[in-house]
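Just so it is clear, the values below take in all heavy atoms, side chains as well, and ignore hydrogens, waters and symmetry mates. Numbers for residues simply follow the sequence, beginning at 1.
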Amino acid sequence: QVQLVESGGGLVQPGGSLRLSCTASGSIASINSMAWYRQAPGKQRELAARIITRGSTDYADSVKGRFTISRDNAKNTVYLQMNSLKPEDTAVYYCNANIRPSHFTPYSVAYWGQGTQVTVSS
């Protein structure tokens, strides 16, 4: 079994910053990619940022220049540093990881965290 545990959400004023963390634990042979998705009320879940094993990153256009995703492979942890937050960043943020559970498993499995609420409001 694999678990993803997120932390770092909360209430912040516009222009403020938050840092989200997500740690994967359990049966893990390797992690191919880790990402943060977000889902605002009444909207579909969307990719905010993604990082693969070698450090390449992707960002949604709406967060480029404001959010930074990073990864500590030794700790199986991914971070999302969010700066210059806007009210439209308000959403539940979900951690996602594509994990190979064992060296005998030839494929990766997508796992999700439970989500952490980020609210940007004055």
Side-chain angles (χ1 to χ4, degrees):
Q1 281 286 36
V2 173
Q3 280 190 319
L4 301 182
V5 178
E6 301 136 330
S7 63
L11 172 64
V12 64
Q13 291 186 340
S17 298
L18 281 175
R19 188 191 194 210
L20 306 182
S21 300
C22 171
T23 299
S25 62
S27 178
I28 299 171
S30 61
I31 301 178
N32 297 330
S33 65
M34 301 186 83
W36 288 96
Y37 286 74
R38 64 184 185 180
Q39 186 166 18
K43 294 188 176 181
Q44 289 189 328
R45 190 175 298 188
E46 63 173 7
L47 176 70
R50 174 172 50 212
I51 185 166
I52 64 172
T53 305
R54 296 182 180 179
S56 296
T57 57
D58 288 321
Y59 294 94
D61 288 342
S62 58
V63 309
K64 281 181 181 176
R66 300 187 298 120
F67 290 12
T68 302
I69 190 169
S70 61
R71 180 172 167 177
D72 186 333
N73 291 328
K75 296 181 179 180
N76 291 335
T77 298
V78 63
Y79 306 96
L80 186 67
Q81 178 66 44
M82 304 184 293
N83 299 327
S84 302
L85 282 161
K86 305 175 181 180
E88 50 264 43
D89 294 318
T90 296
V92 178
Y93 284 70
Y94 295 92
C95 178
N96 165 268
N98 287 302
I99 295 173
R100 192 175 169 194
S102 80
H103 293 293
F104 304 102
T105 306
Y107 53 84
S108 297
V109 178
Y111 292 92
W112 292 89
Q114 291 185 320
T116 184
Q117 177 70 45
V118 171
T119 302
V120 184
S121 174
S122 55

What residue pairs, at least two apart or across chains, pass ring pair (Phe, Tyr, Trp, His ring centres under 6.0 Å) with a residue in [range]?
range: residues 102-122; answer: Tyr37-Trp112
range: residues 48-78; answer: none
range: residues 71-97; answer: none

Please list, chain by chain and in numerical order, all residues satisfying salt bridge (Lys or Arg N to Asp or Glu O under 4.0 Å) with [X], sequence neighbours excluded.
X: Asp72; result: none
X: Lys43; result: none
X: Arg100; result: none

Tabulate below the donor-acceptor pairs under 3.5 Å that side-chain atoms of residues 22-30 make, not counting sequence neighbours, or state none.
{"residue": "Thr23", "atom": "OG1", "partner": "Thr77", "partner atom": "OG1", "Å": "2.9"}
{"residue": "Ser27", "atom": "OG", "partner": "Pro101", "partner atom": "O", "Å": "2.9"}

- prompt: How would you list all residue pairs meeting disulfide bond (SG atoms under 2.5 Å apart) that involve residues 25-78, not counting sequence neighbours?
  reply: none

message: Per the side-chain hydrogen bond (donor to acceptor under 3.5 Å, both in side chains) rule, what does the pair list look like for residues 5-22, sequence neighbours excluded?
response: Ser17-Asn83

- request: Report the residues that fulfil side-chain hydrogen bond (donor to acceptor under 3.5 Å, both in side chains) with Thr68, sequence neighbours left out, ordered by chain and then residue number.
  value: none

- line: Rounded to the nearest 0.5 Å, the CE atom of Met34 sits from the CZ atom of Arg50 at a distance of 13.5 Å

- prompt: Can you list every pair that meets salt bridge (charged side-chain N to carboxylate O under 4.0 Å, His left out) and has a residue in residues 89-98, with sequence neighbours left out?
  reply: Arg38-Asp89, Arg66-Asp89

Atom pairs and distances, donor-acceptor, side-chain atoms in residues 113-122, under 3.5 Å, two or more places apart:
{"residue": "Thr116", "atom": "OG1", "partner": "Gly9", "partner atom": "N", "Å": "3.3"}
{"residue": "Gln117", "atom": "NE2", "partner": "Ala91", "partner atom": "O", "Å": "3.4"}
{"residue": "Gln117", "atom": "NE2", "partner": "Thr119", "partner atom": "OG1", "Å": "3.3"}

